[in-house]
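A quick write-up on the structure given underneath.
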Amino acid sequence: MGNPLRTAQDRRLPRIPEPCALVIFGVTGDLSRKKLIPAVYDLANRGLLPPGFVVLGFARRDWGDGDFESLAYAAAKKGARTPWREDVWQRLASQFQFVPGSFDDDEAFDHLAETLDDLRERNGIAGNVAFYFSIPPAAFPLVLNQLNRTGMADNAKSGGWRRVVVEKPFGNDLATAKSLNQLVDEVFTPEDVFRIDHYLGKETVQNILALRFANSLFEPVWNSKYVDSVQITMAEDVGIGSRAAFYDASGAARDVLQNHLLQLLALVGMEEPTSFDSIDIGAEKLKVLKAISIPQDISEGSVRGQYLPGWVAGERAVGYLEEKGVPADSTTETYVAVRLGIQNRRWAGVPFFVRVGKRMPRRVTEIAILFKQAPHLPFDPADVEMLGNNQLVIRVQPDEGVVLKFGSKVPGTTMEVRDIAMDFQYGEAFTESSPEAYERLVLDVLVGDRSLFPDAAEIEQSWRVIDPLEAAWAGTKPEPYRSGEWGPRAADQMLAREGRAWRRA
């Protein structure tokens, strides 16, 4: 029972979940070691986990609880955001358990169910369990069917809540996404399904809503009357690492454009929600996703690229086709740029240029709102040569913050005007450091807050944008670009045909 004296607006007390367990499938994988386990430690260090909280690892290893604890210790110490405190770790690690088994092993899942039943009484978790799928997408149906067979997904049978967290990519196209949505909603109730997009857990992404709807300064000009274009960039300086098997079957559009970047576009383009409830936010995002228009001529309005050998940050980088595990004749893209539109009154005629790429000069994710030029400039043309479009740039990562770029007079005797920038950085403006995205999202799952999680309709609508692009690209070869460059020249030419240019990120 909740505290009757506490209101939802009371920020003095932190949100702490009910006693519960977190079951991580694929606990020995990269995501678990680099993100999930450090996030759990940081939550414990901040006092945000309930008493009796349990972490169960499930993986195909012949391990005991001690082996799991050793792996978790190394992962947490390496990846923790908050200061290391041995006493916090010891309390947390005392509640770590490991269940060995493969996803087709009925006996292992029966043992997992028995373990959870034991914890209900011994740790007082009242049957509350969140299942985290840190596993390849192809294994989702197998694990879901095991959870269904054993009754572990059943709220009524467990006596508490049962939730599931599914990582992207959610499906490989619209048909597979629909099939997976149907399966996961049959095994769990729809409100207990958390489709995670870790970009939505970033403070700077959530700040898009604050920037727009808490300030009268921006919202009046957030429309086609004043905005010339929007550019959304996600650049990575790394290659594909050890993900060749997954990446070569997916490519940049399915891996990132379908989820991260279309979600950012939806947040930029959406109307003001009536509240920050997950249903209200999701409804406004879905309207934007449904209004997205793709280029009539996809070959003119989009560019696919694949990186060649080159230099990144002073180090030699191999080309995509030389990466371990990539077929020598692969036509998978590592770069995509596409011109999208939003067919509604607010954004009619405003192009949204979205690009994502690997082996770029540096790592950066940003959203740039480029405003129209002033209708009349009473200056000599030579005095405004250095003046560009006013810009509002939201830096998602790294150097999280907001930049406002506008024209100002250069000191001197002439009326020369050039661009200057006002720069707000999270790290300088606030004394409290931002929580890592998974830290926020894991806590949201445990307290049952779905406001930062896309629902099934959003996922399916995103695939309706991607599938026609993939169909048009089928059988074509990606444009080459050298590692360390900002993508293929064709991407620059795509904007140049309209008299525009990519913002230098």
Side-chain angles (χ1 to χ4, degrees), residues 2-3 6-25 27 31-57 72 75-76 79-83 85 88-89 91-93 95-96 123-134 160-168 188 191-207 209-210 263 276-278 281-282 400 426 430 432-455:
N3 184 345
R6 184 179 179 184
T7 67
Q9 289 74 37
D10 192 343
R11 297 289 187 263
R12 292 171 296 176
L13 296 174
R15 299 183 306 164
I16 297 179
E18 300 172 277
C20 58
L22 176 66
V23 177
I24 303 176
F25 292 108
V27 76
L31 174 65
S32 176
R33 288 184 289 107
K34 293 179 180 179
K35 298 294 184 181
L36 299 182
I37 292 173
V40 168
Y41 167 78
D42 287 329
L43 288 172
N45 206 13
R46 294 167 60 201
L48 297 179
L49 293 181
F53 177 74
V54 186
V55 177
L56 273 80
R81 177 185 66 87
T82 55
R85 293 165 57 193
V88 171
W89 174 256
R91 284 198 304 273
L92 183 64
Q95 304 293 348
F96 278 23
N123 284 57
I125 64 171
N128 299 327
V129 181
F131 300 96
Y132 201 113
F133 283 21
S134 178
W161 49 255
R162 294 292 165 102
R163 297 171 185 151
V164 63
V165 187
V166 187
E167 278 280 344
K168 66 93 177 171
F188 290 83
E191 57 269 20
D192 290 328
V193 179
F194 291 73
R195 298 164 181 85
I196 196 167
D197 185 332
H198 73 267
Y199 259 54
L200 300 184
K202 294 180 180 294
E203 287 286 342
T204 35
V205 172
Q206 297 164 51
N207 193 41
L209 300 181
Q263 283 290 320
F276 287 120
D277 177 83
S278 61
I281 292 178
E400 293 87 348
Y426 263 82
F430 299 106
E432 183 178 353
S433 61
S434 298
E436 212 275 339
Y438 278 94
E439 202 177 325
R440 167 68 190 271
L441 294 174
V442 167
L443 180 62
D444 281 357
V445 171
L446 299 180
V447 298
D449 183 348
R450 300 177 69 245
S451 58
L452 297 181
F453 295 83
D455 63 15

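Atoms considered below: every heavy atom in the structure, side chains included; atoms not considered: hydrogens, waters and symmetry mates. Since the structure is predicted, the reported quantities are computational estimates derived from the model, not experimental observations.
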Tell me, do [X] and [Y] make a side-chain contact under 4.5 Å, heavy atoms counted?
| X | Y | value |
| --- | --- | --- |
| Ile24 | Phe131 | no |
| Pro17 | Leu443 | yes |
| Leu36 | Tyr438 | yes |
| Phe194 | Arg450 | yes |
| Leu200 | Asp197 | yes |
| Val55 | Val40 | yes |
| Val164 | Asp192 | no |
| Val23 | Phe133 | no |

Output the distance between atom [atom1] ([X]) and atom [atom2] ([Y]), rounded to the nearest 0.5 Å.
| X | Y | atom1 | atom2 | answer |
| --- | --- | --- | --- | --- |
| Glu167 | Tyr132 | CD | OH | 3.5 Å |
| Trp161 | Cys20 | CH2 | SG | 4.0 Å |
| Leu441 | Lys35 | CG | NZ | 11.5 Å |
| Leu56 | Phe25 | CG | CZ | 9.0 Å |
| Gln95 | Ile125 | CD | CD1 | 10.0 Å |

| message | Taking the six-membered ring for Trp, are Phe96 and Trp89 closer than 6.0 Å centroid to centroid? | response |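 Yes, ring centres under 6.0 Å apart.
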
Nearest atoms (heavy-atom pairs only) where [X] meets [Y]:
| X | Y | answer |
| --- | --- | --- |
| Ile281 | Leu209 | CD1-CD1, 4.4 Å |
| Ala130 | Val445 | CB-CG1, 3.9 Å |
| Ser32 | Pro38 | O-CD, 4.0 Å |
| Phe53 | Leu92 | CD2-CD1, 4.2 Å |

Would you confirm whether [X], through its side chain, and [Y], through its main-chain N or O, come within 3.5 Å as a donor-acceptor pair?
| X | Y | value |
| --- | --- | --- |
| Arg33 | Ala76 | no |
| Asp42 | Thr82 | yes |
| Arg163 | Val193 | no |
| Asn45 | Pro83 | yes |

Please evaluate residues Leu446 and Leu49 with respect to the criterion side-chain contact (heavy atoms from CB on, under 4.5 Å), reporting the C-alpha separation (whole Å), side-chain torsions for both, the decisive distance (0.1 Å), and the verdict. CA-CA 9 Å; Leu446 299 180; Leu49 293 181; 4.1 Å; yes

Between Glu439 and Arg46, is there a side-chain N and carboxylate O pair less than 4.0 Å apart?
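Salt bridge: yes.
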
| query | Are Phe453 and Arg195 close enough, and set up right, to give a side-chain contact (heavy atoms from CB on, under 4.5 Å), and what steps lead you there? | reply | CA-CA 6 Å; Phe453 295 83; Arg195 298 164 181 85; 5.6 Å; no

